Amino acid sequence: MDKQDSLDLFAEQGKFMKGKHLVTIFHNEQNLYTVLRIRVEETNEQYDDKEAVITGYFPKVHEQETYTFFGEVKEHPKFGAQFHATHFRKDLPQSKQGIISYLSSDLFKGIGKKTAEKIVETLGEKAIAKIIDNPSVLDQIPKLAPEKAKDLYDSLMEHQGLEQVMVALNEYGFGPQLSMKIYQVYKEQAIEVIQNNPYKLVEDIEGIGFGRADELGSQLGLTGNHPDRIKAACLYTLENSSIQGGHVYMEAESLLVDVKKLLEDNQNFEIEFTEISQEIIKLGEEGKLISEEQKIYLPSLYYSEKGLVAKVKKILDQTEYENQFPESEFLLALGNLEERLNVQYAPSQKDAIQTALMSPMMILTGGPGTGKTTVIKGIVELYGELHGCSLDPRDYKKEEPYPFLLAAPTGRAAKRMTESTGLPAVTIHRLLRWNGAEGFEYNEDQPLEGKILIIDETSMVDIWLAYQLFKSLPDNIQVIMVGDEDQLPSVGPGQVLKDLLDSGRIPTVRLTDIYRQAEGSSIIELAHQIKKGLLPADISVQKSDRSFIQCTTNQIPQVVEKVVASAKKKGYSPKNIQVLAPMYRGPAGIDRLNELLQTLFNPNADGTRKELAFGDIKYRIGDKVLQLVNQPEANVFNGDMGEVIAIFYAKENVEKQDQLIVSFDGIEVTYNRPELSQITHAYCCSVHKSQGSEFPIVVLPVVKSYYRMLRRNLIYTAITRSKQFLILIGEEDALKMGIERGQDKERNTTLVEKLVEMLPEWSGNRIDSKILPDVNRKNYMGIVKNADPMIGMGNLTPYDFMEENEA
DNA sequence: CACCCCTA
């Protein structure tokens with residue numbers, strides 16, 4: 001089998017598009033993300049245009065060369081149809097004439113037409129494959145100097161290197177996706193690196209764990225207590241603890257224990273602790289990990305904490321905000337604003353706005369419904385008023401940058417920020433111009449321009465991103481961080497918001513009064529208890545707005561069905577009633593509940609309705625669906641919910657594609673079949689996905705089979721999604737266990753101690769917001785967006801949703 | 001066992 005044939009290993013299945021490269025529209029040097037246009041020569045896609053846009057991760061693609069791309073056509077909301085390629089192959093010229101013009105082209109210095117002809121005469125139509133296989137065949141070419149032969153071979157390798165490496169990696173058992181990643185890092189040296197030290201892959205390639213590398217290692221004879229093996233196990237264990245457990249460091253002792261276990265579990269060979277600590281010391285000397293007082297860090301995490309603290313200090317050192325305008329001026333402007341917006345701020349909200357404007361940095365924290373959004377709106381409005389600057393970005397020229405930077409860790413939180421303030425807000429990644437693979441355009445060398453930064457949903461910001469953001473800030477900026485420390489912690493390592501608050505070094509305003517719920521809400525009371533780790537004694541007692549129905553895991557589906565059916569009968573739609581669960585699988589998992597709820601809300605009893613099947617899901621018109629990825633161009637984001645409004649089969653439309661049309665509050669998005677993986681049913685969704693949303697009725701099953709997921713902040717996040725009714729279903733034991741679990745699994749961080757060491761204590765006066773003057777509560781709600789009116793509640797209680805269940 | 005960010 002020669003190389004050209006073996007390359008066809010990758011062509012075995014799927015769609016391809018072959019054509020000549022016309023122009024590269026975009027190429028990211030860092031991560032190789034490439035957008036290019038080709039003239040289509042051949043394809044098995046339904047594609048009528050003569051030209052096509054290809055996207056994917058490619059090393060340099062040469063102009064005028066012909067390539068075959070493998071992948072699928074996808075619809076981009078702004079740029080239209082494009083072919084997303086997972087891998088590609090450069091087509092070697094097939095005809096003698098083709099090879100001659102290829103070899104005599106500019107790609108091969110010093111090879112003219114004459115020499116090219118000679119090569120083909122001597123080696124035949126498979127000349128290129130033969131040379132790649134064994135460069136010494138070039139010795140047969142008359143009058144070809146050895147240096148030229150070497151140049152030719154090197155150039156060929158450079159152009160064909162990717163394919164070479166891909167084939168070899170395939171033999172090591174790596175698929176095209178992972179192979180491409182490996183190639184991006186090591187280029188033509190990939191195979192050499194793997195043969196020398198396969199454990200290096202653990203360090204360099206995301207997605208290759210110790211287990212995989214150790215398999216290669218033992219094939220290559222690097223076994224037992226080989227230093228490379230031990231080192232890799234150390235780094236892997238540390239990385240794992242930060243990615244899986246959210247820790248910023250590991251105690252040296254537990255690192256030793258975990259590493260020993262990993263090494264011995266994988267191969268039957270006893271490892272001494274001293275052997276491990278020796279390698280840890282060496283890794284320290286190589287700068288691959290950092291140890292301080294028996295705490296072992298990955299360098300990126302250590303420097304993130306350190307750098308964040310240094311920058312926070314710099315920002316807090318600014319003194320010019322405190323007395324920039326007299327308090328009387330602030331109060332006057334605040335009064336005008338209240339009149340203009342027809343709202344009245346509570347004392348704690350006024351305090352928050354004032355502290356934000358008069359301090360270099362502030363944290364605004366509080367649970368759902370405490371008016372954080374209202375305060376953000378107040379801050380930007382008043383900032384504009386007091387500084388006499390417009391809130392409209394269009395009023396700014398290039399030399400006078402827009403002063404307001406609004407950002408959030410998720411697309412959806414940014415979208416909400418835009419809606420509630422009327423100002424542009426983006427994800428933190430977009431703000432910093434992220435270009436994939438470790439590239440942020442903004443950093444310490446090229447800082448952002450702006451005067452005031454507001455970050456919402458700060459609880460979701462991990463230590464890496466926090467550092468990246470702060471180091472990209474100018475020194476003369478005001479920073480306001482908004483969030484709820486009791487919600488789910490960030491996906492990435494650290495607990496930045498909680499640590500900043502716990503340090504007591506940052507000006508902070510806590511909002512505690514709830515303006516969104518009815519007065520005397522027992523849901524809020526429950527939330528407060530859960531925050532303290534307590535399960536109220538009256539949990540099983542029926543309240544006006546919450547209830548608890550006891551049942552086992554296996555009864556969950558039928559009880560959920562009864563409760564929801566009862567709500568449906570009372571006129572609630574799927575939009576108003578949200579079932580939340582922590583996990584997808586299992587008899588009480590999201591998948592099972594979605595199936596059942598679809599049958600309840602949107603059945604197809606006689607089988608005559610139009611359906612589009614994707615995997616295990618059958619979509620019907622009227623289905624409630626959840627968006628799983630961001631589509632900023634369409635203003636639709638991960639976590640948004642919508643409704644299926646149309647289904648087209650391939651034979652019914654010009655695109656010849658199965659299509660699903662979903663409406664997200666009026667925004668219509670079309671999903672071709674391949675894009676259906678971007679949505680799922682939403683009758684029941686995960687607690688994680690519900691973060692940032694609220695619903696009139698929340699139905700929350702809690703059973704011991706969710707064991708791994710049950711934690712205090714998960715339960716807190718889930719129950720605080722409900723605005724009117726909360727119906728808990730399941731086992732009291734499980735609920736109790738979940739609420740009590742939280743403290744013991746704290747994340748290892750040293751941010752608090754670093755802040756405390758570097759910064760003076762903040763001695764701001766906190767307004768006790770319990771002492772509220774008697775003002776009209778309705779007015780507080782005035783500018784809270786989405787404070788949808790209670791939907792014809794009358795005197796309903798959760799009990800009304802379960803009357804049939806009493807037997 | 002679940003979750004974030006994305007380049008014209």
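Convention: sequence-line order gives letters A, B, ...; per-chain numbering from 1. Because only heavy atoms are used, hydrogens play no part in the values below, and waters and symmetry mates are left out as well, while side chains stay in. Remember, it's a predicted structure, so these values are computed and weren't measured experimentally.
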Would you mind reading off the distance between [X] atom [atom1] and [N] atom [atom2], rounded to a whole angstrom?
{"X": "A:Trp464", "N": "B:dC4", "atom1": "CH2", "atom2": "P", "result": "16 Å"}
{"X": "A:Gln487", "N": "B:dC3", "atom1": "CD", "atom2": "P", "result": "15 Å"}
{"X": "A:Leu431", "N": "B:dC6", "atom1": "CG", "atom2": "C1'", "result": "15 Å"}
{"X": "A:Arg433", "N": "B:dA8", "atom1": "CZ", "atom2": "C1'", "result": "13 Å"}
{"X": "A:Arg741", "N": "B:dC1", "atom1": "CZ", "atom2": "P", "result": "13 Å"}
{"X": "A:Leu714", "N": "B:dC3", "atom1": "CG", "atom2": "P", "result": "10 Å"}
{"X": "A:Ile463", "N": "B:dC5", "atom1": "CD1", "atom2": "P", "result": "19 Å"}
{"X": "A:Leu497", "N": "B:dC4", "atom1": "CG", "atom2": "C1'", "result": "16 Å"}

Quick one: label [X] by what it contacts on the DNA or RNA (base, sugar-phosphate, nothing), any heavy atom closer than 4.0 Å.
{"X": "A:Gln244", "value": "base"}
{"X": "A:Gln82", "value": "base"}
{"X": "A:Met460", "value": "nothing"}
{"X": "A:Gly411", "value": "sugar-phosphate"}
{"X": "A:Asp462", "value": "nothing"}
{"X": "A:Pro582", "value": "sugar-phosphate"}

* Structure fact -> Between A:Phe637 and A:Ile590, whichever has its closest DNA chain B nucleotide further toward 5' is A:Ile590

* **Residue met sooner reading DNA chain B from 5', once A:Arg412 and A:Ile243 are mapped to nucleotides** =>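 Result of the comparison: A:Ile243.
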
Proximal nucleotide (of [options]) relative to the [X] side chain:
{"X": "A:Thr410", "options": "B:dA8, B:dC1, B:dC5", "value": "B:dC5"}
{"X": "A:Phe26", "options": "B:dC5, B:dC3, B:dA8", "value": "B:dA8"}
{"X": "A:Tyr584", "options": "B:dC3, B:dC1, B:dC4", "value": "B:dC3"}

* Asked: Any idea how A:His429 and A:Trp434 line up, ring-wise: parallel (<30°), tilted (30 to 60°), or perpendicular (>60°)?
  -> perpendicular

* **Whether A:Tyr249 and A:Tyr297 hold their rings parallel, tilted or perpendicular, with breakpoints at 30° and 60°** => tilted

According to a strict under-4.0 Å criterion, is [X] in side-chain N/O contact with OP1 or OP2 of [N]?
{"X": "A:Tyr707", "N": "B:dA2", "result": "no"}
{"X": "A:Ser490", "N": "B:dC3", "result": "no"}
{"X": "A:Arg430", "N": "B:dT7", "result": "yes"}
{"X": "A:Thr427", "N": "B:dC6", "result": "yes"}

* Looking only at N and O atoms, is any donor in the side chain of A:His688 or the base of B:dC3 less than 3.5 Å from an acceptor on the other one? -> no

* Hey, which of A:Asn713, A:Ile739, A:Asp486 is the one that makes side chain to side chain contact (heavy atoms under 4.5 Å, CB included) with A:Lys531? ->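 Among A:Asn713, A:Ile739, A:Asp486, the one that satisfies the side chain to side chain contact (heavy atoms under 4.5 Å, CB included) with A:Lys531 is A:Asp486.
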
* Of the non-hydrogen atoms in A:Leu469 and A:Leu431, which two are nearest, and what is the gap between them? ->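 Closest heavy-atom pair between A:Leu469 and A:Leu431: CD1-CD2, 4.1 Å.
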
* Looking only at heavy atoms, what is the nearest atom pair of A:Lys704 and A:Glu731, with distance? -> N-OE1, 2.7 Å

* Asked: Regarding A:Arg416 and the six-membered ring of A:Phe637, is the cationic atom NZ or CZ under 6.0 Å from the ring centre and inside 45° of its axis?
  ->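 Output no; distance or angle outside limits.
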
